[in-house]
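Below you'll find the structure, written out as structure tokens, and then a few comments.
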Amino acid sequence: MILRRTVLAATTALATTTAMMSSASAHPGLGRRPRSTTPLWQTSAGDQLAALRERRITSRSLLEQHLEHIAKANPKLNAIVTLDAAGARAAADKADQHLATTGKPLGPLHGLPMTVKDALEVKGMRTTCGSPSLTDHVPDRDADVIALLRNAGAIIIGHTNVPTMCQDIQTSNPIFGKTVNPFDAEKTAGGSSGGPAAAVAAGFTSLEVGSDLAGSLRLPAAYCGVYALRTSRGASPIVPTRGHIPRLPGWNTSSDMITLGPIARSVEDLGLLLDVIAAPSPADRAGWKIDLPAPAKTKLRHYKVGIWADDAYCRVDADTRALLDQVAKLVRGLGATVDDSTRPVDFAESDKLFQRLMYATASATATDAAFSADVAAAEKIPADDPSGLFLHSRTMRHRDWCVADEARQKLRATWDSYFDEHDILITPAAPTAAVPDQTSTPAPQRYITVDGKKRSFYDQTGWLNLTGPVGLPSLVLPAGKTEAGLPLAIQIIGPYLGDRTVLEAAKQLASRLPEPIRPSAFSV
């Protein structure tokens, strides 16, 4: 195995391709089929897999195309931080030999090169989650989702960057440094799946698996102009999470709010990967299976669509408001029933519950000494003091957690009632496009600017966190760009286990929205 630390360079990567919106609805397929002269590594995962199955290219040749592109473009982005070229070549050769010998592919991802987030354990490959304490951690077992990818025939070529222990909404750590936004090196790629989203946007991989507790999958996708799906989660996730750090190596449990999901450059590719990774944990497979329902409706004009374009609790900027207005007009023009006064839940109360549950679950991997210090500090803050939300939540008694969990179940019931009357809900993905990277700024001093006003740094994920405590499927899709060429995105939320409904709605919208812009690194 070859371990490679990429070289971080402070450069600006501006978009070189643009798209127009005016005639998209009249020609929904316009520009979406790659020309025959397009290098195969730049095409969709679906196109790459078709070429592999039809033997128009070998897995080894496709892998070499990706490795060549990574060598050229990754040093400026620092998206891929560990590269196992030798292991990937051996796996690609094995896939080619199997196809030549049997005439059958290994599985639905036969021979496809993929990177995966450096929070997912890969057998034999250093997996650090950006933490100095895990610098030399080389797992002897795959995370459950990695095993699903391998069984489907995927070729794992390396790890993509994350913030330390996935605990930031931008991507930097002491081991590998910072991943920059592919469209502007001064902007953040988001976090904690910043490396995965940047890698997909830049063409280093056509598919990625990211993780999402507090928008960690969807915020980077929004900032990097790609698609991502936070999958449904009830008492158990629909994508197995064992082997995901920051639950420490060797743990069999994970956070009660974490989900894993696909990142891709098209909605169709999200669905392709979802079909592979939506599966029970190995312990449950003897008696359970995941059988997600078909889309609620096949035509967007038959949908009842809620649009929550803005809210006083988490205001969005002028560009985002204009984008939501355009999307609402588009959806109406397609004949859908639009409810733009919709307010499914109380935003502030939902967010407070989310924070309490997030702080509670994050305490699991604290050291005994650190947790004892938190308990002592919490005892000095009155129970009703807002400044104590973090410490009181992090150290809550089990009975208090049970009460909070009951509130979560009631919130789920409220959402269930909402989706009895609506098929999907469209919201902003974030208040703004990608914000300046603030890795070097102490956390208490970080902020974002929305229409000239300073706001909390963590408001970036306010809209995404609506679904966090209740486990609803939510998909981020690129829907436009700012004057400066940064991607803008929207979020589509669906009912619990309505992942395919969300995908179908996103596919129909995507065919009528501007073609997603690509960063300059995509064409290197």
Side-chain angles (χ1 to χ4, degrees), residues 43-54 59 95 99 104-117 120 142-156 193 196 200 205-212 217-218 221 226-234 236-244 259-282 284-285 288-298 424 471-477 492 494-508 510-511:
T43 65
S44 69
D47 286 338
Q48 292 177 38
L49 287 165
L52 288 164
R53 287 193 302 269
E54 296 164 9
S59 178
L99 185 60
K104 298 178 181 179
L106 289 167
L109 298 181
H110 172 89
L112 185 73
M114 283 185 63
T115 58
V116 293
K117 186 176 182 178
L120 292 166
D142 282 333
D144 289 349
V145 73
I146 300 300
L148 290 170
L149 296 177
R150 290 198 201 272
N151 289 340
I155 309 298
I156 309 300
S193 302
V200 172
T205 180
S206 58
L207 295 176
E208 254 275 7
V209 176
S211 55
D212 194 310
L217 175 70
R218 293 161 292 156
V226 293
Y227 300 83
L229 173 66
R230 178 188 165 101
T231 51
S232 289
R233 175 169 185 133
S236 296
I238 67 167
V239 178
T241 56
R242 191 213 56 80
H244 177 272
T259 68
L260 304 182
I263 306 174
R265 291 191 297 272
S266 73
V267 178
E268 290 82 359
D269 282 355
L270 289 181
L272 187 156
L273 187 51
L274 178 66
D275 287 344
V276 170
I277 62 177
S281 65
D284 294 328
R285 287 174 195 167
W288 293 1
K289 66 177 181 178
I290 303 295
D291 187 12
L292 293 170
K297 293 162 186 171
T298 58
I424 59 171
L472 301 180
S474 42
L475 187 153
V476 159
L477 67 157
I492 302 177
Y496 175 55
L497 298 179
D499 301 62
R500 298 199 191 283
T501 292
V502 168
L503 284 166
E504 180 62 30
K507 182 172 74 172
Q508 295 191 40
S511 69

Please tell me if the side chains of Val116 and Thr205 come closer than 4.5 Å, counting only heavy atoms from C-beta onward. no

Treating Glu208 as the side-chain partner and Lys117 as the backbone partner, does any N or O pair qualify as donor plus acceptor under 3.5 Å? yes

Do Val239 and Thr259 have side chains that get closer than 4.5 Å, going by heavy atoms? no

Whether the side chain of Ser206 engages the backbone of Ser44 through a donor-acceptor N/O pair (distance < 3.5 Å, no angle test) should be reported. no

Using a 3.5 Å distance criterion without hydrogens, assess whether the side chain of Glu504 forms a donor-acceptor pair with backbone atoms of Ala296. no

Are the side chains of Leu109 and Leu49 in contact, using a 4.5 Å heavy-atom criterion? yes

Below 4.5 Å, heavy atoms only, C-beta onward: do Asp269 and Pro262 meet side chain to side chain? no

Are the side chain of Arg242 and the backbone of Ser281 linked by a donor-acceptor contact shorter than 3.5 Å? no

Distance in Å, Leu477 CG paired with Leu503 CG, rounded so as to fall on 0.5 Å steps: 10.5 Å

Verify, without hydrogens or angle tests, whether Arg265 (side chain) and Val200 (backbone) share a donor-acceptor contact under 3.5 angstrom. yes

Once you round to the nearest 0.5 Å, how far does CG of Asp275 lie from CG of Leu292? 8.5 Å

With rounding to the nearest 0.5 angstrom, report the CG to CD1 distance, Leu112 to Ile156. 9.0 Å

If I compare all heavy atoms of Asp212 with all of Arg230, which pair ends up nearest, and what's the gap? O-NH1, 2.9 Å

Write down the atom of Thr43, the atom of Gln48, and the distance for their closest heavy-atom approach. O-NE2, 3.0 Å

Please report the interatomic distance CG(Leu497) to CG(Asp291), rounded to the nearest 0.5 Å. 10.0 Å

Residue pair Ser59 / Ile155, side-chain heavy-atom distance below 4.5 Å: yes

Please walk me through it: do Ser232 and Asp499 pass side-chain hydrogen bond (donor to acceptor under 3.5 Å, both in side chains)? CA-CA 7 Å; Ser232 289; Asp499 301 62; 2.6 Å; yes

Side-chain contact, heavy-atom cut-off 4.5 Å: Thr231 with Leu260? no

d(Asp142 CG, Leu120 CG) to nearest 0.5 Å is 10.0 Å

Answer whether the closest heavy-atom distance between the side chains of Leu229 and Leu274 falls below 4.5 Å. yes

Please step through side-chain hydrogen bond (donor to acceptor under 3.5 Å, both in side chains) for the pair Arg218 and Ser474, ending with a clear verdict. CA-CA 9 Å; Arg218 293 161 292 156; Ser474 42; 3.1 Å; yes

Result for side-chain contact (heavy atoms from CB on, under 4.5 Å) between Leu207 and one of Leu272, Thr115, Ile263 points to Leu272

Between the side chain of Arg285 and the main-chain N/O of Pro280, is any donor-acceptor distance below 3.5 Å? yes

Looking only at heavy atoms, the pair that brings Tyr227 and Ser266 closest together is CD1-N, 3.5 Å

